[in-house]
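Residue numbering restarts at 1 for every chain, and letters A, B, ... go by the order of the sequence lines. What you see is a predicted model; the values in this text were computed from it and never measured.
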Amino acid sequence: MNHSDNRPDPQDSLAHEPAAGSLSARARAAVAPQSPYLNGLNPEQRAAVEATEGPVLVLAGAGTGKTRVLTTRIAHLIATGKAQPWQILAVTFTNKAAREMRERISHVIGEVAEGMQWLGTFHSIGTKILRRHAELVGLRSDFTILGTDDQLRLMKQVIEAEGIDEKRWPARQLASHIDGWKNRGLGPDQVPAGEAGAFANGKGGRLYRAYQERLKVLNAVDFGDLLLECLRLWREHPDILEQYQNRFRYMLVDEYQDTNVAQYLWLRLLAQARKNLCCVGDDDQSIYGWRGAEVDNILRFEHDFPGATVIRLERNYRSTGHILSAASGLIAKNQGRLGKTLRTEDEPGEKVTITGAWDSEDEARLIGEEIEAFHAKKHPLSEIAILVRISAQMREIEDRLVTLGVPYRVIGGPRFYERAEIRDALAYLRVVNQPADDLAFERIVNTPKRGLGDATIQVLHNHARAARVPLTEAARFIVETDELKPKPRATLRDLLISFGRWSKLSETMTQSEVAQTVLEESGYTDMWQKDKSADAAGRLENLKELVRSMEEFPDLQSFLEHVSLVMEANESDTAERVSLMTLHAAKGLEFDTVFLPGWEEGLFPNQRALDESGRAGLEEERRLAHVGLTRARRRAKIYFASNRRIHGLWNSTVPSRFVDDLPETNVEIVEAPANFSYGGYGGGSRFDRMQPFSGSSYQTPGWQRAQAHRASSEDGGYSARRSGDRRGPMLIEGELVAKSTGGSGFAVGGRVLHTKFGPGTIEAVDGNKLTVEFDKAGRKMVLDSFVEALG
DNA sequence: CGGAACGTCGTTTTT
DNA sequence: CGACGTTCCG
């Protein structure tokens, strides 16, 4: 979330809004009569910038100046007075893209870009909207955004609460179902019965509903909800939808090929009124289908928005001729595409090379040596990338680079805020900020290890569930009783006291000081200092970075939001290093020289993609290959190995069919240097092993097998209405005493059965606390939720 | 309750 | 093969 959030929205406070075409707007337009920002655009780009009215689809091939069009278009809208910065909705997928776009707009039009408060990711904009109307969807405006790990823990609880064996029906699987439903814009009541039944013998739908209810109780949402709840808000409150439709005079979407159904519906609702929606994307770069992205969204654009202007950007400014032709020839093999022909005016340059290696180790060695050679020729290492299909390929390559002493960096990896130490630290702060945050509390109650293990947590849970109070609240009661053994009881009490103390700190300290104190006093920093594993130092460093970054925020609340949505590791390392990453992570980047190892059937195209999604899967894999090639400016080098270890055992492999998809004129087969010993293969030319070029002899079983077409998921339109059975938030705050207890029929002298201590006689009643003389265990103070009356 | 021995299962991952 | 989670024992 950007920092301009706290600035008042001019539309909220001021009535004055210069209408398009008004005097002031025209005067403003006249300030820049020449529109210098339009200079240097090619005719298609310029058309895309100037076609401001109505639906527009810009099909922007790789390296055709997509971002430039987007930013110039925004600048144009503002400079001509067609819209004020805050009347433009500009959506991206990543925070990085949003940040870059903001920067580039500033370059064109100066600090006016600061007023663009609706430039951000789908999720950050969704959050902003939801916070304003949280009560209408059963949340409070300070709701928490859950990360994947919290989601999983919550689902596990829901599964167990339904009495389902979590081992047979893993939470991960439920998570992916729910994720899929949310991606398609389906709430618990809209999931097709057949699908809902697929999990846990027909309980899938019920679990989804239960999960959503738990989220509401916790005043929390997951990533999917940030969009889904907006949809619900707008459908149930048309007046609010209308507000936003009026506000957003112009809408722009980046990477449209990656939108899922929920995002599509979200956009369509907003665009319905004014229809000034401009989507920029490239169907040939859609590589996130498995994550819910619907290529169909882009393929169907003209149908969904009748009268749409479609503009193709086909002039490539990035790659040399052979690379571009190779990539074009490859992608032309795909059926489901809108079709573009990339062209360049650059020289043909070097052909794409194809090199066969004996095994993956040789492949790594070859790449390593070529990089060394480039380095010797003063080729900057930062302009070299190695792009792999799966992360598992990285290890061997890394090993080789380390041996050779070639500096490299891995791009991708776990995001900053996903790292355990960061999530832990945040959990502490969340509890300090909001003691009712059960998920956070559970996460750190025994981190560092303080002897509050499963048994203790179970006791807390029992009471919390029975009394319908948050865990911390439950804990507060329990430490007053004998439910826990003395040691955990004392530990838990100390912890609660600490949290009480930490909460007060924020009255006198800045939040980064609070964080520092909490992390130290809780023993968390100690834990890592004592840890002698290799990455402990890095984790401490990350924690420091976290504390440092907190200083920039006005309060803990806004920091927590930033971190759950936006925060990322500072990758802006300008050092001279080779970049190593997956093909997915490479999208949007470019390098002079790109190495593409592992072009083998089964690995790339990946067997699993083929098995699961058939032809669609193959085409997505091919798009991935296309993305890989088009990352290269001057040199693309493809490799395959004849032998590769898969799951520990060696398999002999066949070059990828994608190799055969490349036009012959643009590629060059390179023989591996002669000094390699190709173990076991007597004397023959190494070309023998590259045979598959001549005859396409692949016969992947899974490729034929799986033609299963994923159910086209365009249902769930607008008609679906939530039954109004939503319960108000049950979150019980502050001092509230457990309700379920009062007058629950326990009286002095009554006989009760305790879950642990067995039968006994009540000696005294104090609220929900009972003093019981147990037949075997003696006299104990217990909570009513742990006993039942004996008739 | 926590460390050590077992078993399991293997893509890609913007938020 | 090796990273992870689960189980089992002290």
Under-4.0 Å salt bridge between [X] and [Y]:
X: Asp611(A); Y: Arg608(A); result: no
X: Arg291(A); Y: Asp258(A); result: no
X: Glu621(A); Y: Arg657(A); result: no

Using a 4.0 Å heavy-atom cut-off, write out nucleotides 1-14 of chain B from 5' to 3' as B (base contacted by protein), S (sugar-phosphate only) or - (no contact).
SS-------BBBBB
Remember a base hit wins even if backbone is also touched, and classify Arg395(A) as base, sugar-phosphate or nothing at under 4.0 Å, heavy atoms.
sugar-phosphate
Pairs under 3.5 angstrom, nitrogen or oxygen only, protein versus nucleotides 8-10 of chain C, please.
none

Give a yes/no answer on whether the side chain of Lys182(A) brings an N or O atom under 4.0 Å of OP1 or OP2 in dT15(B).
no
Output a table of donor-acceptor pairs, distance under 3.5 Å, between side-chain atoms of residues 169-178 of chain A and any protein atom two or more places apart or on a different chain; print 'none' if there are none.
unit_1	atom_1	unit_2	atom_2	d
Ser176(A)	OG	Gln173(A)	O	3.0
His177(A)	ND1	Gln173(A)	O	3.1

Give the rounded distance in Å between these two atoms: [atom1] of [X] and [atom2] of [N].
X: Leu649(A); N: dG2(C); atom1: CG; atom2: P; value: 13 Å
X: Ile145(A); N: dT15(B); atom1: CD1; atom2: C1'; value: 10 Å
X: Met394(A); N: dA3(C); atom1: CE; atom2: P; value: 15 Å
X: Glu396(A); N: dG2(C); atom1: CD; atom2: P; value: 10 Å

Using the side-chain contact (heavy atoms from CB on, under 4.5 Å) rule, take Val563(A) and Leu546(A) through it: C-alpha gap first, then chi angles, then the decisive distance, then the call.
CA-CA 9 Å; Val563(A) 109; Leu546(A) 183 80; 4.1 Å; yes
Output field: ring centroids Tyr288(A)/Trp290(A) closer than 6.0 Å:
yes
Hey, what do you get for [atom1] ([X]) to [atom2] ([Y]), rounding to the nearest 0.5 Å?
X: His584(A); Y: Arg389(A); atom1: NE2; atom2: CZ; answer: 5.5 Å
X: Arg131(A); Y: Phe143(A); atom1: CZ; atom2: CZ; answer: 4.0 Å
X: Arg644(A); Y: Glu363(A); atom1: CZ; atom2: CD; answer: 4.5 Å

Suppose you measure atom P in dT13(B) against the same atom in dC4(C); what distance do you get, rounded to whole Å?
15 Å
Within residues 444-457 of chain A or reaching into it, pairs that qualify as side chain to side chain donor-acceptor pair (under 3.5 Å) - sequence neighbours excluded
Tyr428(A)-Arg450(A)
Tell me if dT11(B) is syn or anti. Syn = glycosidic torsion within 90° of 0, anti otherwise.
syn
Name all residues meeting the side-chain hydrogen bond (donor to acceptor under 3.5 Å, both in side chains) criterion together with Asn606(A); count only those two or more places apart in sequence or in a different chain, and write none if there are none.
none
Can you list the stems that include DNA chain B, where a stem is three or more consecutive Watson-Crick or G-U pairs with distances under 3.5 Å?
B:1-10 with C:1-10
